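Only a predicted model underlies this, so the values are computations on that prediction, with no experimental measurement involved. Ligands are counted one by one from 1 in listed order, and the atoms in each one are counted from 1 as well.
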Amino acid sequence: MNLILDVDTGYDDALAIMLATRTPNVNVLGITCVAGNHYLDQIVVNTLKILDVADAPSDIPVAAGCLTPLMEVVRLPDRLHGGDGMADLGLSPSPRSAVPIHAVELLRRLLSEASQPVTLVALAPMTNIAVFLRMYPHLRHKIERIVIMGGAHLTFGNTSPTAEFNIRCDPDAAHIVLSSGLPITLYPLDPFRQVAIERAEAAAMTQSASWQRQIVGRICTSVMNVFGRDFTFIGDAGAVAVAIDPSRATIERFPVTVELGSSPATRGMTVIDRRNAYQRASLTEWWHTSPHEIDVVTEVDGAYYKALFLGKI
Ligand code: BDR
Ligand code: CA
């Protein structure tokens, strides 16, 4: 399986990068970075460091992408996971460096050169991907599927009562991607909140002989301390897990619209149309359902995906 990851590393992007790069049958073609959990330069630094932790091949290209969302300003999450956004692990500077091209150009190159289908895994505000789709629409057929961590289905938001962080940071980019007509799997906050690691498990990992497991244990413990609870979610790593193995995920198809209005109460909300065909076809002067449906992960087997994750790091 060929993956490209678009990230804003981020504690859970870090877990996702470790999972993707340490899964034997997964070929990570490249990683593109975007502002989100932190400013872009810190995201790149974190990404390079976590590739070292993962002992990932040194030739995986990493590129810095968009500094800001399309229309919004950069707003960092309230509770940064450490000053660096990745639990302040005290990791040494990476000997790796980012490639000297923009992330959108890296996407163009990787997809132009790909002879096999490529799955794009979007774990961050979708600015890079929206710009790519606008700049190089002739390459979209090279994307087999986009798996997106974003949105909220039947649960509440984490950035406003209605909106999830990745979509709220750049709703306009999310709209471009979700309405693109490409095959999309949305991994919203509902399954995101179903794959958890307990404090005792994280504490045990910090004592492991494996450096990777020590780091995962330290990251998870740090996040639990930030949020004042005894568990944490593997977050973005769950989206990678489902991209690799969707066998224990419940996936339903719905039209999904991103709310682009300016009301802070609803901007960036993912409006998922669960109505039946009759309801969708009636009262169309009130609401025109998009003809394009996407796959929404509505539920996952949390124990299965936790074991999948822990079995690879
Ligand atoms: C998403 O927002 C980011 O903070 C996380 O990395 C994840 O991608 C969750 O809403
Ligand atoms: Ca992320």
Trainee: About how many Å separate CG of Asp6 and OG1 of Thr32, when rounded to the nearest 0.5 Å?
Mentor: 3.5 Å
Trainee: Determine whether the side chain, the backbone, both or neither of Asn158 has a heavy atom under 4.0 Å from any heavy atom of ligand 1.
Mentor: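 Asn158 to ligand 1: side-chain contact only, backbone stays beyond 4.0 Å.
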Trainee: Could you check whether Glu164 pairs with Arg193 (Lys NZ or Arg NE/NH1/NH2 to Asp/Glu carboxylate O, under 4.0 Å)?
Mentor: no
Trainee: Which one holds for Leu123 and ligand 1: side chain close, backbone close, both close, or neither close, with close meaning a heavy atom under 4.0 Å?
Mentor: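 The part of Leu123 near ligand 1 is the backbone, not the side chain.
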Trainee: Quick one: are Ile4 and Leu106 in side-chain contact, heavy atoms under 4.5 Å?
Mentor: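 A side-chain contact is absent here, since even the closest heavy-atom pair is not under 4.5 Å.
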Trainee: Tell me which protein heavy atom sits closest to atom 9 (C) of ligand 1, plus the residue, atom name and distance to 0.1 Å.
Mentor: Glu164 OE2, 3.2 Å
Trainee: Only protein N/O/S atoms count here: give how many lie under 3.0 Å from the Ca ion (ligand 2).
Mentor: 5
Trainee: State plainly whether the residues Glu72 and Arg267 are in salt-bridge range, i.e. N to O under 4.0 Å.
Mentor: yes
Trainee: Of all the non-hydrogen atoms in the protein, which one sits nearest to atom 6 (O) of ligand 1, and at what distance?
Mentor: Asp12 OD1, 2.6 Å
Trainee: With no hydrogens and no angle check, just 3.5 Å: does a side-chain donor-acceptor pair link Gln214 and Thr206?
Mentor: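 Side-chain D/A pair, Gln214 to Thr206: absent.
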Trainee: Parallel, tilted or perpendicular for Tyr136 and His138, by the 30°/60° rule?
Mentor: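 Rings of Tyr136 and His138: perpendicular, as their planes differ by over 60°.
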Trainee: Testing the 3.5 Å rule here: is there a donor-acceptor pair between the side chains of Asn46 and Gln42?
Mentor: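 Present: a donor and an acceptor within the cut-off.
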Trainee: Rounded to the nearest 0.5 Å, what separates atom CD1 in Ile17 from atom CG in Asp236?
Mentor: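 Between Ile17 CD1 and Asp236 CG, I get 9.0 Å after rounding to 0.5 Å.
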Trainee: Tell me whether His175 at atom NE2 has more than 12 heavy atoms from other residues, nucleotides or ligands lying less than 6.0 Å away.
Mentor: no
Trainee: Less than 4.0 Å is my threshold; does some heavy atom of Tyr11 fall inside it relative to ligand 1?
Mentor: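 Checking ligand 1 against Tyr11, which is what was asked, there is no heavy-atom contact under 4.0 Å.
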Trainee: Go through ligand 1 atom by atom and flag the ones less than 4.0 Å from a non-hydrogen atom of Asn166.
Mentor: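 Heavy-atom distances to Asn166 below 4.0 Å select 1 (C), 2 (O), 3 (C), 7 (C), 8 (O).
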Trainee: Run the numbers for me: atoms of ligand 1, each under 4.0 Å from some heavy atom of Phe192, listed by number.
Mentor: 9 (C)
Trainee: Considering only non-hydrogen protein atoms, determine which one is nearest to atom 7 (C) of ligand 1 and report residue, atom name and distance to 0.1 Å.
Mentor: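 Nearest protein contact, heavy atoms only, for atom 7 (C) of ligand 1 is Asp236 OD1, 3.2 Å.
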Trainee: To check your reading of the model: name the closest protein heavy atom to atom 3 (C) of ligand 1, its residue, and the distance in Å.
Mentor: Asn37 OD1, 3.4 Å
Trainee: Have Thr185 and Arg145 got a donor and an acceptor in their side chains that come within less than 3.5 Å?
Mentor: yes
